Visitor: 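The structure follows.
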Amino acid sequence: MLLVNQIRQDKERVLNSLRKRNWKEENLSVLDKILELDDQRKKLQTENDSNLASVNSKSKEIGSLMREGQKDQANTKKQEVAALKEEIKEREERMKMVNLELTEHLLSVPNITHDLVPNGASDEDNEVTQAWTKDLPQLPENAIPHWDLAKKYNLIDFELGVKITGAGFPLFRGKGARLERALINFFLDEAQSAGYEEIIPPLLVNEDTARGTGQLPDKEGQMYYVTKDDFYLIPTSEVPITNIYRNEIVKSEEFPIKLTGYTPCFRREAGSYGADVKGLNRVHQFDKVEIVQISKQEDSYKALDEMVKHVAQLLEKLELPYRILRLCGGDIGFTSSLTYDFEVFSAAQKKWLEVSSVSNCETYQSNRLRCRYKDENGKTKLVHTLNGSALALARIIASLLENNQHEGGIKIPKVLIPYTKFDNID
RNA sequence: GGAAGAGUGGCAGAGCUGGUUUAAUGCACCGGUCUUGAAAACCGGCGUGCCUUCACGGGCACCGGGGGUUCGAAUCCCUCCUCUUCCGCCA
């Protein structure tokens, strides 16, 4: 959520950002509406505070009058207070309405985009900032897509997943399960070497937490919800991990904060059907190792670069062909200022699959989280929050299986062999 | 799940028979005096959010969350959450 002051002081920038996100001109007036509501809010509060102050002082007077036994005068004062209270009640009612409407509008405004974010309407307009310049893997004509490979080598059983739960809940077994676990451990070890502290967070979160990172209210339908206890299944470990710092004032010596965590991720993916959901391309439950950084405002883009390099290096080590995209205004997430996506080439499907998304949310999340720090002048500032996948497992497995298939099975990349304890799947 | 007790500012800890305590005191922390330097001692500062002010400053709210009683609530009532202890159940 943006601060009203960001809109007030830098309205042009916010407007340009909304245009970059392809907002219709007629919807841009929401900013004026916000400023107007904020003015109303301030006016109401000033009036109300002075009434409250007057109630406070009169109550004190009543106290001393009572002690002196001046009952009549006290009663007169009491009546004055009663009148004020009527007014206060009425005004607070209005303040509530104004605040509600103000928040509602603020929530509808996405984060301000970074200048580097390219214009564009959809994922086709994303800017390739690092293309794959070497040859793409060439597979023979009869190359097998990963869902068939998974079946052939008994690595993943999609039908059993359906039986046990439903579509989109794959069951890993044997070397498939082992490969999954190998990747998790490999990613966690790499993150640890890069200075990230490992976290194993709860997989269910409460409403405050879901609100903190911006999943609520607008992405409500994307999360699984446990009605009996009002918990949400996490769509990514970014949610519980970033919320560690909800309502905190971070001490400056704690920076840089670098956290990593492996968790399963649960996504309802309501409304997405079709070719893309085949196999592991889009599932309701998948494993992911996430990296999170919480930084001072001036350090966040350095941190973003560092995270991008970290992810790139993982893909290098896995020997997977990848490219890096800078998301355009039409594709970038609501809460992000600047996002880099990583896509891996899955050679049998002949498709680029998104395996990581690294974002700087600047103060958009921290405003909601109320996560702050003191700068060198002792001024309280909102932190910048960053998160990135390092990496999402399902699609990595998909491309690993497809790209590394050969006559005698599926070859395991060298870095993983210490983890899998086998070098080939057959 | 049942019973009892408790939740106060970074920590400790008073207040909890409602009104000069709208939060004492100690520790920690920051600044100063003293000192060659340090310690000790002394003096001062020391929460968050919002409103107002060019500024100095002033005001409002917050004592686990929410609601209520009252002229006035940390203090009384209701409700939820959390923690501790005991019982039950259970990896």
Side-chain angles (χ1 to χ4, degrees), chain A residues 1-9 34-107 200-212 216 226-232 240 243-255 257 363-383:
Chain A
M1 189 164 70
L2 293 180
L3 292 155
V4 176
N5 274 346
Q6 285 176 288
I7 298 172
R8 199 177 286 283
Q9 287 158 14
I34 286 169
L35 294 181
E36 188 194 314
L37 285 165
D38 190 50
D39 287 339
Q40 278 183 44
R41 190 198 110 245
K42 286 179 176 179
K43 184 163 170 281
L44 286 169
Q45 182 166 349
T46 309
E47 293 166 355
N48 202 47
D49 280 359
S50 91
N51 273 346
L52 285 170
S54 154
V55 167
N56 283 344
S57 70
K58 282 186 202 296
S59 295
K60 227 185 244 177
E61 288 170 35
I62 290 170
S64 21
L65 287 172
M66 297 287 268
R67 241 174 284 120
E68 293 161 20
Q70 313 228 37
K71 260 213 155 116
D72 289 350
Q73 284 192 50
N75 282 331
T76 317
K77 292 270 179 204
K78 279 192 195 183
Q79 277 166 21
E80 288 173 30
V81 172
L84 279 172
K85 298 263 284 191
E86 278 297 306
E87 216 180 302
I88 288 169
K89 198 175 160 195
E90 220 172 276
R91 194 174 270 111
E92 281 184 343
E93 207 60 42
R94 270 196 286 158
M95 286 171 75
K96 220 179 199 170
M97 300 289 285
V98 168
N99 277 324
L100 222 71
E101 204 185 337
L102 179 61
T103 319
E104 192 184 311
H105 282 100
L106 272 175
L107 285 170
I200 300 181
L203 306 182
L204 278 69
V205 297
N206 60 32
E207 206 179 310
D208 286 344
T209 296
R211 205 175 290 282
L216 290 181
V226 182
T227 51
K228 200 153 188 175
D229 297 286
D230 286 332
F231 293 146
Y232 295 87
N243 269 278
I244 292 172
Y245 288 92
R246 171 156 49 89
N247 254 321
E248 295 290 330
I249 295 183
V250 180
K251 294 208 174 62
S252 61
E253 60 264 29
E254 289 181 62
F255 291 110
I257 296 170
T363 61
Y364 196 85
Q365 284 183 328
S366 59
N367 181 29
R368 202 35 128 46
L369 287 164
R370 288 172 38 83
C371 177
R372 296 143 296 163
Y373 68 103
K374 305 258 193 202
D375 69 7
E376 52 282 359
N377 301 319
K379 208 180 149 214
T380 308
K381 282 179 156 176
L382 291 169
V383 301

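Quick note on labels: first sequence line is chain A, next is B, and so on, each numbered from 1. Quick caveat, the model's predicted, so the values are computed rather than measured.
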Visitor: Could you tell me which nucleotide pairs with B/C54 by Watson-Crick or G-U wobble geometry, both distances under 3.5 Å, or answer none if nothing does?
Guide: none
Visitor: Taking atom C1' in both B/C62 and B/G2, what distance in whole Å separates the two?
Guide: 34 Å
Visitor: Would you mind reading off the distance between A/Asn56 atom CG and B/G58 atom P, rounded to a whole angstrom?
Guide: 16 Å
Visitor: State whether the side chain of A/Arg368 and the backbone N or O of A/Arg211 hold a donor-acceptor pair below 3.5 Å, judged by distance alone.
Guide: yes
Visitor: Paired with B/C11 by Watson-Crick or G-U wobble geometry, both distances under 3.5 Å: which nucleotide is it?
Guide: B/G26
Visitor: Taking a pair as Watson-Crick or G-U wobble with both distances under 3.5 Å, which nucleotide is matched to B/C60?
Guide: B/G49
Visitor: Quick one: do the A/Thr209 and A/Asn206 side chains pair a donor with an acceptor below 3.5 Å?
Guide: yes
Visitor: Rounding to the closest angstrom, what is the interatomic distance between B/C77 and B/G45 at atom C1'?
Guide: 40 Å
Visitor: Using the C1' atom in both, what is the distance from B/U69 to B/A73, to the nearest Å?
Guide: 10 Å
Visitor: If the test is side chain to side chain contact (heavy atoms under 4.5 Å, CB included), which one of A/Gln40, A/Met97, A/Glu36, A/Arg41 qualifies with A/Leu102?
Guide: A/Arg41
Visitor: Taking the same atom, C1', in B/A41 and in B/U35, what whole-Å distance lies between them?
Guide: 12 Å
Visitor: Which one is paired to B/U20, where only Watson-Crick or G-U wobble pairs with both distances under 3.5 angstrom count?
Guide: none
Visitor: Counting side-chain heavy atoms from C-beta on, which of B/C71, B/G59, B/U52 comes nearest to A/Gln45?
Guide: B/G59
Visitor: Below 4.5 Å, heavy atoms only, C-beta onward: do A/Asn367 and A/Gln6 meet side chain to side chain?
Guide: no
Visitor: Reckon A/Thr380 touches a base, only the sugar-phosphate, or nothing at all at heavy-atom distances under 4.0 Å?
Guide: sugar-phosphate
Visitor: Check whether any side-chain N or O of A/Thr103 sits under 3.5 Å from a backbone N or O of A/Asn99 as a donor-acceptor pair, and report yes or no.
Guide: yes
Visitor: Determine the contact category for A/Lys42: base if any of its heavy atoms lies under 4.0 Å from a base atom, sugar-phosphate if only primed atoms, P, OP1 or OP2 are that close, otherwise nothing.
Guide: sugar-phosphate
Visitor: Specify the separation, in whole Å, of atom CG of A/Leu369 and atom P of B/G49.
Guide: 15 Å
Visitor: Any strand counts, and the cut-off is 3.5 Å on both contacts for Watson-Crick or G-U wobble. Which nucleotide pairs with B/G88?
Guide: none
Visitor: Looking at B/G72, which nucleotide sits across from it as a Watson-Crick or G-U wobble partner, both distances under 3.5 angstrom, or is there none?
Guide: none
Visitor: Starting the side chain at C-beta, find the nucleotide from B/U48, B/U52, B/G59 nearest to A/Asp49.
Guide: B/G59
Visitor: C1' atom, B/U75 versus B/C34: distance in rounded Å?
Guide: 45 Å
Visitor: Is a side-chain donor or acceptor of A/Ser366 paired with a backbone partner of A/Val383 at a separation under 3.5 angstrom?
Guide: yes
Visitor: Of the nucleotides B/C51, B/A61, B/G49, which has the atom closest to the A/Leu52 side chain?
Guide: B/A61
Visitor: Give me the one residue out of A/Arg91, A/Lys89, A/Lys85 that meets salt bridge (charged side-chain N to carboxylate O under 4.0 Å, His left out) with A/Glu87.
Guide: A/Arg91
Visitor: Could you work out which one of B/U52, B/G59, B/C71 sits closest to the side chain of A/Val81?
Guide: B/C71
Visitor: Where each residue is assigned the nucleotide of RNA chain B containing its nearest heavy atom, which of A/Arg372 and A/Ser50 is assigned the position nearer the 5′ end?
Guide: A/Arg372
Visitor: Hey, are the side chains of A/Leu106 and A/Ile7 touching, using non-hydrogen atoms and a 4.5 Å cut-off?
Guide: yes
Visitor: On a whole-Å scale, what distance lies between the P atoms belonging to B/G49 and B/U85?
Guide: 36 Å
Visitor: Check every atom of B/G59, B/G19, B/U48 against the side chain of A/Ala53 and return the nucleotide holding the closest atom.
Guide: B/G59
Visitor: Nearest to the side chain of A/Lys374, which nucleotide is it out of B/U48, B/U70, B/C51?
Guide: B/U48
Visitor: Under 3.5 Å for both donor-acceptor distances, Watson-Crick or wobble: does B/U35 have a partner, and if so which one?
Guide: none
Visitor: What is the distance from CD of A/Glu253 to P of B/C29, rounded to the nearest Å?
Guide: 13 Å
Visitor: Please report, rounded to the nearest Å, how far the P atom of B/C60 is from the CD atom of A/Glu92.
Guide: 14 Å
Visitor: Can you tell me which nucleotide in B/U52, B/U48, B/C50 comes closest to the side chain of A/Arg41?
Guide: B/C50
Visitor: Find the distance A/Arg91:CZ to B/A61:P and express it as a whole number of Å.
Guide: 15 Å
Visitor: May I have the distance from A/Leu37 (atom CG) to B/C50 (atom C1'), rounded to whole angstrom?
Guide: 17 Å
Visitor: How close or far is atom P of B/G49 from atom CG of A/Asn99, stated in whole angstroms?
Guide: 17 Å
Visitor: Between B/C51, B/G47, B/U22, which nucleotide has the shortest distance from any of its atoms to the side chain of A/Lys60?
Guide: B/U22
Visitor: What is the distance, to the nearest angstrom, from the NZ atom on A/Lys58 to the P atom on B/G19?
Guide: 22 Å
Visitor: What distance, rounded to whole Å, do you find between the two P atoms, one in B/G26 and one in B/U17?
Guide: 25 Å
Visitor: Taking the P atom of each, how far is B/G47 from B/U84, in whole Å?
Guide: 31 Å
Visitor: State the pairing partner of B/G5; accept Watson-Crick or G-U wobble contacts with both distances under 3.5 Å, and report none otherwise.
Guide: B/C83
